[in-house]
Amino acid sequence: MFLQRGFSRLLSKSNNLLLSYNKFNSNVNKLSLLSSNNVNLIKSNNNVKSIIQNNNNNRFYSTKSAAEVDDEIPPEENDKTKTDQLIEETEKVIGLSEKHDFQTETQKILHIVAESLYTEKEVFIRELISNSSDAMEKVKHMQLTSASEIQDPEIPFEVKISTDEDKKTLIIQDSGIGMSREEMIKNLGKIGYSGSKEFLQKLGEQTDKASIIGQFGVGFYSCFMVGHQIKIYTKSAKKGSKGYLWESDGSGSYQISEADGVQRGTKIIIHLKPNAYEYSKKQSVENIIKKYSNFVGFPIYLNGHSVNTIRPLWTMNKNAITAEEHKEFYQFLSKSYDTPTYNIHFSTDSPLSIRSIFYIPSQHMEKYGMGRMEPGVSLFSRRVLIQQKAQGILPDWMRFVRGVVDSEDIPLNVSREHLQDNGLIQRISQVLVKRILKNLDEESKKDPIKFNKFMSEFQGFFKEGIITDFKWKDEISRLLRFESSKSTEDSPCSLDDYVKRMKPDQKQIYFMPATSRNVAETSPYFEPFQLKDVEVIFTYNSLDEFVLTNIGHYGDKKVVSVESKEAEEFLNQNQEKKQDTLSKEQIDGFLSWIQEAVADKLSGASPTQRSISAPAIVVDHESATFRRMMKMMEPNKQHQMAKQQVEFNMNHPIILKLNSTREQNPEVAQLVAEQIIDNALITAGLFDDTREIIPRLNKILDKVLTK
Ligand SMILES: Nc1ncnc2c1ncn2[C@@H]1O[C@H](COP(=O)(O)OP(=O)(O)OP(=O)(O)O)[C@@H](O)[C@H]1O
């Protein structure tokens with residue numbers, strides 16, 4: 001009897017292949033449906049090559065071989081042919097259970113995490129797998145340092161995950177370090193982050209809540225987003241430890257009891273909430289594992305089948321890694337969803353052996369006031385994790401870099417606490433920082449637009465580097481980008497660009513602090529530079545001025561402010577002296593008069609050599625930025641402005657008129673003199689509160705109008 005329409009699904013020889021009838025009908029030429037009694041009859045038919053049996057033990061006979069039938073089945077469906085092995089709850093509780101309350105802040109965080117933190121609920125799987133991986137790394141480390149203390153050392157390192165659609169459960173089991181009773185109370189009952197209050201506050205302010213996952217140690221609690229009841233069986237890897245059950249519905253308390261039959265490591269059983277039943281489906285969970293945890297360094301089995309590819313990318317040949325693999329690996333390392341801007345794959349064998357991959361993210365969270373980022377580079381030795389988020393492998397200002405460093409020169413028992421003080425780590429760090437900076441410089445040349453975008457996002461870190469890590473000053477300075485009189489915000493210039501455009505007689509790099517481009521371009525400090533066609537870097541914030549002052553020299557070029565004495569000397573070079581309208585005596589007379597008239601603000605008065613269209617200019621004064629910084633540091637202290645050195649444009653019409661008015665109308669002259677000095681102080685950014693000048697300005701207006 002030939003196969004007829006009437007049944008839509010069949011099971012293959014492995015007894016559980018669901019095959020749609022339509023596909024089957026086109027794949028299989030001749031099938032006979034027979035009861036088991038008729039098997040012999042059909043076997044005698046030469047055309048029959050395979051027997052296919054369905055759930056009801058009905059058998060179908062095909063003229064194609066089993067392999068041929070299998071080959072024609074799409075892989076996705078083929079996967080379902082494998083026998084699932086689900087993890088059972090075989091442990092037995094012994095004795096009474098103890099009830100504990102979660103720490104108050106943990107309760108709040110638990111509530112937030114469960115209700116709102118993760119926009120994508122599915123990441124709880126990533127969090128739990130990552131915890132399992134960490135736990136197994138710890139045993140792997142023990143194996144190399146204190147092997148004899150490991151409980152059941154023969155158990156293989158693997159993460160076993162099991163989905164049960166009938167029971168609506170998801171189980172994640174590892175053979176890692178496990179937890180003792182005390183460790184469970186400490187690790188699962190209290191939030192690991194010391195600044196929990198700050199965390200709660202930030203969480204309230206931050207809209208992109210998903211992005212802070214992992215930063216504050218709330219990973220485990222994410223399983224309460226999907227589970228209404230969580231059970232954890234765990235047994236510490238320390239020889240002789242007992243097994244325990246930890247249970248909670250996440251509301252406010254948890255119970256701990258001793259349990260029998262617990263395997264070394266941790267087994268988490270999640271009883272799923274109705275809106276999270278999809279996580280009891282094998283296919284959904286498989287997709288999530290592949291999406292987030294493909295690079296976990298241990299095999300992951302889902303219902304008994306291997307799902308991840310363990311490929312330590314950093315040990316592979318550079319050219320063998322695709323962009324997609326880099327992206328996946330970066331997302332795995334950084335627990336983020338963006339595409340890295342750059343990847344830096346660096347290996348060397350001498351003088352040190354280093355295999356490393358670094359990723360530069362596309363954005364960072366510090367700019368949103370999310371607190372300091374943690375270091376993002378993990379340290380390995382021969383593929384054994386020494387420390388995740390290792391301090392000291394890169395300098396603190398490079399904390400935005402994510403990646404992996406593996407060096408077989410690092411002893412496995414290196415003290416994790418003192419990594420930073422370790423001479424070898426410092427040497428490795430030197431090599432790596434140099435390499436990363438060199439690589440970024442190359443990237444800046446390859447694609448300046450991409451680099452400028454990257455620098456505008458991350459420049460704060462590099463500026464921090466200039467200030468805190470002096471040894472890399474030259475390399476970092478090369479990467480910084482600035483706006484200048486000859487370049488714009490969209491197309492900023494490097495110090496190298498600036499140097500290339502310098503005038504033949506120019507020995508210094510000039511910068512000018514201003515509040516905006518408009519203020520900069522109309523400033524009397526900029527005017528003479530513009531006339532000479534000399535480029536000036538504009539800085540719009542205190543940090544930039546501070547950074548440029550710290551740079552001090554770029555190569556053999558000194559970096560100076562346009563307000564400095566050095567700048568003045570440059571401007572006066574080869575400057576033809578203009579014919580003065582007033583005689584030397586008249587000029588001296590004016591200068592001594594004004595110095596006396598505004599004695600409380602002037603430390604000196606002299607004629608200017610600068611070509612300026614303003615009547616007066618403050619020179620060689622204290623930095624307005626430093627003054628503001630001092631005020632910020634000591635807000636309650638009155639910061640008296642120091643007396644200033646002012647230069648006067650002795651050919652300026654206002655100065656000439658003021659010179660004659662001082663004798664004809666001393667009252668008006670006094671007001672105008674004070675105003676000229678205040679205007680110069682405002683231009684120099686030194687005037688704290690311009691409201692002070694309003695009463696005088698009103699008097700001047702009154703005098704002008706009553707003439
Ligand atoms: N599978 C596990 N095996 C052993 N210990 C675990 C396991 N899962 C969690 N823990 C312990 O519980 C602690 C808290 O875990 P949790 O995921 O909340 O934070 P974290 O892993 O420290 O930080 P994060 O996951 O945010 O990077 C861990 O630091 C670890 O000590």
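Indexing begins at 1, ligand by ligand and atom by atom, following the structure's order. Every heavy atom of this structure was used, including side-chain atoms; hydrogens, water molecules and symmetry mates were not.
- Using a 4.0 Å cut-off between heavy atoms, R126 makes no contact with ligand 1 at all.
- No side-chain donor from either of Y301 and Q85 sits under 3.5 Å from a side-chain acceptor of the other.
- Heavy-atom distances between K186 and ligand 1 stay at or above 4.0 Å for every pair.
- When only modelled atom types and interatomic distance are considered, D338 and Y330 share a side-chain donor-acceptor pair under 3.5 Å.
- Heavy-atom contacts of F220 reach the following atoms of ligand 1: 15 (O), 16 (P), 17 (O), 18 (O) (cutoff under 4.0 Å).
- Under 4.0 angstrom from ligand 1, the non-hydrogen atoms of D174 all belong to its side chain.
- With 3.5 Å as the limit, one finds a donor-acceptor pair spanning the side chains of T266 and T234.
- Any N or O atom pair closer than 3.5 Å counts here, and A135 shares no such pair with ligand 1.
- Of the polar atoms of N131, at least one N or O is found under 3.5 Å from an N or O of ligand 1, judged by distance alone.
- In D134, neither the side chain nor the backbone holds a heavy atom less than 4.0 Å from any atom of ligand 1.
- Side-chain contact, E98 with H100: a donor N or O sits under 3.5 Å from an acceptor N or O.
- Nearest to atom 6 (C) of ligand 1 by heavy atom, out of M179, E374, M136, is M179.
- With distances taken over non-hydrogen atoms, the option nearest atom 14 (C) of ligand 1 out of N187, L128, I129 is N187.
- Between the side chains of N303 and T163, at least one donor N or O lies within less than 3.5 Å of an accepting N or O.
- Ring centers of W246 and Y233: at least 6.0 Å apart, outside the cut-off.
- When heavy-atom distances to ligand 1 are checked against a 4.0 Å cut-off, E183 has no atom that comes that close, whether in backbone or side chain.
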- Quick one: do F462 and F458 satisfy ring pair (Phe, Tyr, Trp, His ring centres under 6.0 Å)? Show the steps, please. CA-CA 7 Å; F462 290 86; F458 288 93; 7.7 Å; no
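- Each of the following atoms of ligand 1 lies closer than 4.0 Å to a heavy atom of E127: 25 (O).
- Those atoms of ligand 1 with a heavy atom of K335 less than 4.0 angstrom away are 25 (O), 27 (O).
- Here T266 has side-chain heavy atoms under 4.0 Å from ligand 1, and that is the only part of it that gets that close.
- Ring orientation note: the planes of F461 and F400 are tilted relative to one another, at an angle of 30° to 60°.
- Here is the list of ligand 1 atoms found below 4.0 Å of a heavy atom in L188: 12 (O).
- Using bins of under 30°, 30° to 60° and over 60° for the plane-to-plane angle, the ring pair F102/Y221 lands in the perpendicular bin.
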